[in-house]
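I have placed the structure first, in the form of structure tokens, so that the comments after it can refer back to it.
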Amino acid sequence: MSSIPDKPTLDGLEAKWRQIWAEQGTYRFDRTRTRDEVYSIDTPPPTVSGALHIGHVMSYTHTDTIARYQRMRGYEVFYPMGWDDNGLNVERRVQMMTATLCDPSLPYDPDFTPPQPDEKGKLPKDPIRISRPNFVELCEEVVSELEEQYFDLWSTVGLSVDWDQTYTTIGPVASRISQRAFLRLLDRGVAYRSGAPTLWDVDMKTAVAQAELEDREVPGAYHKLEFTGPDGQAIWIDTTRPELLPACVALVAHPDDERYQPLFGQTATTPLFGAEVPICPHELAEPDKGTGIAMICTFGDTTDVVWWRELDLPIRPVVRHDGRLERDITWTGPDDGSDPTWCSVDPDEANENYAELGGKTIFTAQKNIVELLMAKGKMEGEPRPISHPVKFWENGKKPLEIVTSNQWFIRYPPAEDIIARAKGLQFHPEYMRVRFEDWANGLQGDWNITRQRFFGVPFPIWYPIDEHGDADLLSPIAATEDMLPVDPTTMVPPGYTEDQRNQPGGFAADPDVMDTWNTSSMSPQIASKWEEDDDLFERVYPMDLRPQAHEIIRTWLFSTVVKAHELFDELPFRHAAISGFVVDPDRKKLSKSKDNAKAGPVELLEQFGADGIRYWACGGGPGRDVAEDPGQMKIGRRLAIKLLNASKFALGIGEPSDPGAAVTEPIDRAMLLSLADLVDECTRVFDEYDYARALERAETYFWSFTDDHLELVKGRAYGDGSEADPAADSAKVALRLALETVLKLFAPFLPFATEEVWSWWREGSIHHSAWPTSEPLRDAAGGPDDSAALVATVAAEVLTLLRKAKSDAKVSMRTEITSATITDTRQRLAAFEQARADVLDAGKVTSVELVEGPGLSVDATLADT
RNA sequence: GGGCGCGUAGCUCAGUUGGCUAGAGCGCUUCCCUUACAAGGAAGAUGUCGGGGGUUCGAGUCCCUCCGCGCCCACCA
């Protein structure tokens with residue numbers, strides 16, 4: 001307990017209290033507590049690949065208010081932090097920062113040091129190729145530096161995280177848990193390996209999952225190609241992907257389309273390549289699109305995949321994993337029968353044409369094939385430019401291609417099962433549930449969890465190599481659980497020795513790593529240390545709260561629910577609190593690429609203080625977008641300062657002469673009674689995760705508390721100098737009780753200012769004090785009393801009019817009012833009588849006359865100044 | 001194409017099951033250095049509650065419809 005400062009200030013409070021909280025372990029999780037006494041939070045592990053932005057600060061603050069509220073409600077809060085240092089974003093950052101490139105074929109170099117910047121601070125232009133273990137070492141270095149920065153920012157913001165519980169998504173614990181889950185699912189056939197059409201980013205050369213797709217509107221062009229029908233007639237096909245013509249395996253039109261009905265069951269011949277392809281009916285073909293008949297290629301888009309599967313078509317793969325067209329394709333005549341895949345009615349012409357395409361990029365191939373088509377008169381007119389949506393990997397630069405590839409998948413349960421499971425999950429706000437259900441209902445195929453990358457959790461898998469030296473990808477050798485965590489590139493499968501690696505009759509490591517979401521979907525289990533620390537797990541799992549952004553409902557939330565559904569047959573948490581985005585004043589989402597984030601969080605925290613920023617952040621209720629608004633931050637800062645000053649004043653008046661004095665004055669009682677109502681409402685809305693409303697209500701109360709109540713009672717509270725002064729004691733007792741209550745209501749939002757004030761007159765941390773209840777307030781006020789409320793209302797209204805008289809006369813508020821005539825109804829005048837002394841004192845009124853009338857009016861005579 | 005959310009003062013937003021003359025803060029205007037606070041205080045002005053219908057004694061609130069913005073989902077040759 002310290003004394004009340006003369007000049008309270010917010011400056012330095014963050015540094016002061018974060019240090020004291022750390023020293024005293026204020027937010028340390030007490031693991032002697034049992035599950036029913038614990039409130040556990042599945043914190044989103046931020047990706048450690050750049051800088052935190054103000055959007056992070058906003059959403060993590062929301063969670064922190066919930067954590068602080070639950071802590072004050074008496075729960076032991078399990079609030080860990082995780083770092084998502086796993087995955088592509090980190091790889092990219094490391095490539096950029098160190099000018100290196102991972103080449104898994106290289107051996108580990110123990111003496112490797114990364115390239116250093118020259119005098120101008122520039123790194124070499126051409127990246128240095130390094131081994132996977134070297135690359136992973138670099139990743140770990142970069143990541144730990146960033147984690148330090150993140151920790152610093154979160155501490156300044158005042159997150160009440162227990163930093164002893166911090167985890168990472170690539171550390172040994174997370175790797176073990178992720179691999180253990182994978183092995184269990186593999187054992188049950190839920191995880192499986194399969195060759196299938198795969199969404200593929202040709203830049204990063206990795207598979208991506210459906211959840212990571214996004215549409216982008218890009219320019220394209222329709223090309224009208226001439227196919228030859230069964231009777232030699234022309235069939236015109238509109239396509240935006242003419243370069244995929246060699247991969248054409250069929251034509252398709254709508255079954256009801258009379259123009260093409262006669263052709264169904266017959267074949268057409270492709271231009272340039274002379275491949276005979278069937279003409280098929282399918283409902284997905286749209287008669288009014290293009291010419292109404294489309295070519296199916298393996299694979300131009302996801303519709304092609306559906307057609308290919310449902311029409312049971314052959315596959316002609318032409319796009320390689322590097323985004324170039326396959327080089328080694330030889331078309332053969334119909335009679336040699338050597339390879340029915342590349343069968344042409346005119347193999348010589350087909351091969352001659354294909355020579356212009358093989359090995360070329362998609363872009364060049366398209367240019368070349370258009371030239372060929374035009375030269376042969378197989379294209380009508382020029383390409384017609386259009387703008388159309390194309391699927392991209394959300395982090396990618398080039399459109400996705402679909403290639404066939406062997407990948408690990410997790411079999412999704414039926415959508416209705418997932419949706420039924422999620423019925424037990426409470427969404428805040430509830431309308432966010434629809435995004436979850438839309439996604440479940442729109443799933444196509446299973447979850448591809450394989451990424452052809454380096455910095456991630458590896459698959460604990462090897463493949464046997466036969467006597468010819470070929471790996472058998474469909475007979476994986478799984479690690480046993482006691483071996484975990486496993487890196488198959490350095491560890492040896494059971495029953496083999498290291499010298500059999502990559503040898504005929506030996507084994508080969510699975511070269512890939514798991515999708516980031518496959519590991520972060522285990523975050524509740526990682527944070528609670530599933531089968532790593534059974535004692536902890538029992539105390540915190542399943543969790544109470546999953547806070548997260550709405551943009552990752554389809555990835556993180558969905559995959560976490562699916563994993564827990566499969567592995568534990570239950571929900572991993574009970575509540576999902578969904579936060580919105582920070583948007584700039586034009587309502588555009590803040591993003592690094594657009595560079596519309598005005599100032600970084602560090603600058604804003606410096607300028608407005610953590611409490612100011614937190615106030616702004618909590619203005620946005622669950623799910624709502626919030627505009628980056630320095631004005632609101634400034635208001636938050638003022639509120640925090642006001643709290644310090646009002647507290648200083650209320651406490652500075654001193655303690656009641658009789659500590660057991662009763663609250664007797666109607667104004668004091670009314671103040672406590674309305675505060676009791678406020679407490680009930682704040683508690684109710686907080687229980688519904690509506691922190692924003694709790695703050696808004698508390699703030700509204702606080703303004704009238706300082707503007708009216710404090711002004712009205714301060715004269716009386718100072719006392720008349722006599723030793724026993726029940727009227728002064730009434731004010732003091734009520735003020736102290738109200739102050740304690742208001743501080744607690746603000747504590748989740750303004751942890752620094754409230755803790756500071758608390759330290760002036762109370763022991764311990766306010767953040768471990770009990771959340772207020774309304775009964776003690778009502779008891780202190782002597783029970784409910786509507787007439788007291790009227791006294792307070794009339795007093796405030798009269799005071800406002802007295803002030804107005806001075807304001808209109810443009811004189812100081814200190815100016816004396818020599819006489820005032822107050823007109824009002826009989827009932828309200830009676831109420832006024834009970835606050836008469838307070839009002840006259842606050843308004844500096846010497847004499848007053850009361851006149852009965854229809855409504856309130858005040859006529860004041862001012863002293864000469 | 002389907003769905004969700006939003007639209008209230010110049011700005012950011014409250015407005016709970018329909019109920020007095022629609023609120024707060026910022027900004028603005030006028031004033032006040034007052035012994036909690038000038039990083040402050042007092043008072044004031046500012047609204048066809050997106051448009052149009054309807055239900056009702058009564059609609060910002062409920063229903064229909066239209067407009068605008070944002071987002072999610074969708075098999076987008």
Side-chain angles (χ1 to χ4, degrees), chain A residues 4 6-11 215 217 220 222-223 237-241 244 251-252 282-286 289-297 300-307 310 386 388-391 429 431-439 441-442 444 550-551 553-554 580-581 583 585 587-589 616 619-621 623-627 629-632 634-653 681 684-685 692-693 696-697 699-700 703-704 706-707 710-711 714 718 799-815 844:
Chain A
I4 304 169
D6 288 338
K7 262 296 208 199
T9 174
L10 294 180
D11 296 337
D215 287 349
E217 194 74 17
Y222 269 127
H223 303 72
I237 302 284
D238 268 325
T239 178
T240 55
R241 300 289 307 267
L244 293 179
L251 299 184
V252 64
H282 196 281
E283 316 75 56
L284 286 184
E286 294 182 33
K289 192 164 285 178
T291 58
I293 184 165
M295 67 174 186
I296 302 172
C297 304
D301 60 29
T302 49
T303 320
D304 281 341
V305 178
V306 174
W307 279 326
E310 294 188 4
I386 55 159
H388 63 155
V390 170
K391 292 206 186 304
Y431 64 73
M432 286 293 176
R433 180 187 302 282
V434 70
R435 301 199 182 190
F436 186 97
E437 297 185 349
D438 275 358
W439 183 253
N441 287 322
Q444 291 186 11
H550 57 65
E551 64 176 340
I553 287 174
R554 67 176 182 175
F581 289 133
V583 294
R587 292 273 145 197
K588 297 270 160 34
K589 182 188 166 191
W616 158 78
R624 300 189 63 120
D625 290 348
V626 177
D629 184 353
Q632 292 299 112
K634 194 169 139 194
I635 295 165
R637 183 176 170 81
R638 284 189 187 172
L639 177 63
I641 292 171
K642 188 86 174 170
L643 200 59
L644 294 180
N645 283 314
S647 301
K648 177 197 160 189
F649 172 64
L651 295 172
I653 290 172
E681 178 163 30
R684 181 175 62 79
V685 297
R693 188 182 291 211
E696 191 257 333
R697 293 304 144 89
E699 187 190 2
T700 301
W703 287 127
S704 78
T706 57
D707 291 352
L710 281 182
E711 292 298 326
K714 69 165 126 183
Y718 279 130
L799 180 60
T800 295
L801 289 178
L802 293 171
R803 286 167 176 161
K804 179 169 161 58
K806 296 179 192 182
S807 194
D808 288 347
K810 303 189 176 185
V811 297
S812 159
M813 287 296 138
R814 202 166 41 172
T815 306
K844 309 222 179 297

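Letters A, B, ... are given to chains in the order of the sequence lines, protein chains preceding strands, and every chain is numbered from 1. Any value given below was found using the heavy atoms of this structure, including those in side chains, with hydrogens, waters and symmetry copies removed.
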Distance, P atom - from B/C69 to B/C31, rounded to whole angstrom: 44 Å

Phosphate OP1/OP2 of B/A38 contacted by A/Lys7 side-chain N/O (<4.0 Å): yes

B/U30 to B/G70 separation - C1' atoms, rounded to the nearest Å: 40 Å

Atom pair distance, as rounded to whole Å: CE in A/Met813 and P in B/C32: 10 Å

Touch class at under 4.0 angstrom, heavy-atom based, for A/Glu283 against every strand present: nothing

Sugar-phosphate only, base, or nothing, as touched by A/Ala285 at under 4.0 Å among non-hydrogen atoms: base

Nearest-angstrom distance, C1' atom, B/A36 to B/U17: 41 Å

Inter-nucleotide C1' distance (B/C67, B/A74), Å rounded: 25 Å

Whole-angstrom distance between B/G44 and B/A39, as gauged at atom C1': 24 Å

Distance between P atoms of B/G1 and B/C49 (Å, rounded): 31 Å

Same-atom distance (C1') from B/C20 to B/G15, integer angstrom: 15 Å

Spacing of the C1' atoms in B/G10 and B/G2 (rounded, Å): 37 Å

Any A/Arg637 side-chain nitrogen or oxygen under 4.0 Å from OP1 or OP2 of B/A39: no

Opposite nucleotide pairing with B/U21, Watson-Crick or G-U, both atom distances under 3.5 Å: none

Rounded distance (Å) that lies between atom P of B/U16 and atom CD of A/Glu696: 11 Å

